[in-house]
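Since this is a predicted model, take the numbers as computed values, not measurements.
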Amino acid sequence: MERSVSWLIPFGLLAMAIVSVPTLMLDDQGLPRYEALGGELREVRQVNERLRREVRALHREVQSLRTDPAEVERIARDELGMLREGELIFQFSSERNSRPH
């Protein structure tokens, strides 16, 4: 009798696993949620890689500003509109002067 009962526990666990595992996987919190999280993880990794590239570019720019006087001058002229002492700026209209006929 003891021998015939000893197989019931493993068999019962197997039967329970066969029924419950697919149910849990197909539940809203199961496989569909896992797949959605996988897609979200891929998106986050892409954003992180883009941000890493931006950070590397900014590091290069900072290094250039620390070591290259020409780069500092370029920024001062282009972005801040600064001039060297004694320089003059001439502004020309980009539109052609049209005379009435």
Side-chain angles (χ1 to χ4, degrees):
M1 180 78 179
E2 184 178 317
R3 183 167 169 83
S4 64
V5 175
S6 64
W7 66 273
L8 282 176
I9 292 175
F11 180 75
L13 289 174
L14 179 63
M16 188 172 75
I18 289 173
V19 170
S20 64
V21 168
T23 303
L24 291 173
M25 287 178 61
L26 297 175
D27 184 43
D28 287 341
Q29 298 299 318
L31 189 60
R33 176 76 175 141
Y34 175 78
E35 289 174 350
L37 289 174
E40 192 174 319
L41 178 62
R42 283 187 294 279
E43 289 176 21
V44 167
R45 285 182 175 160
Q46 289 174 346
V47 168
N48 284 346
E49 183 55 36
R50 180 184 53 79
L51 291 173
R52 280 187 200 98
R53 286 191 303 269
E54 287 180 24
V55 166
R56 284 192 298 267
L58 289 171
H59 278 288
R60 284 191 301 270
E61 185 176 344
V62 165
Q63 188 62 31
S64 178
L65 288 171
R66 287 182 178 163
T67 60
D68 187 2
E71 182 67 11
V72 173
E73 183 177 347
R74 184 192 66 79
I75 297 291
R77 289 174 174 274
D78 294 348
E79 295 184 16
L80 301 176
M82 297 178 79
L83 304 174
R84 286 185 179 169
E85 190 174 329
E87 284 186 327
L88 298 174
I89 291 185
F90 294 95
Q91 290 184 321
F92 299 96
S93 174
S94 61
E95 298 176 18
R96 292 186 175 175
N97 291 334
S98 58
R99 294 183 186 177
H101 296 3

Pairwise distance CD(E79) to CZ(R74) - rounded to 0.5 angstrom: 6.0 Å
Distance (rounded to the nearest 0.5 Å) between E43 CD and N48 CG: 12.0 Å
Closest non-hydrogen atom pair between E87 and R84, with its separation: OE1-N, 2.8 Å
Distance (rounded to the nearest 0.5 Å) between H59 NE2 and R56 CZ: 10.0 Å
Salt-bridge criterion met for E54 and R50 (N-O under 4.0 Å): yes
Salt bridge flag under 4.0 Å for residues R42 and E35: no
Nearest heavy atoms of L65 and I75, plus distance in Å: CD2-CG1, 3.8 Å
Hydrophobic cluster membership, F92 vs L88, 4.5 Å side-chain cutoff: yes
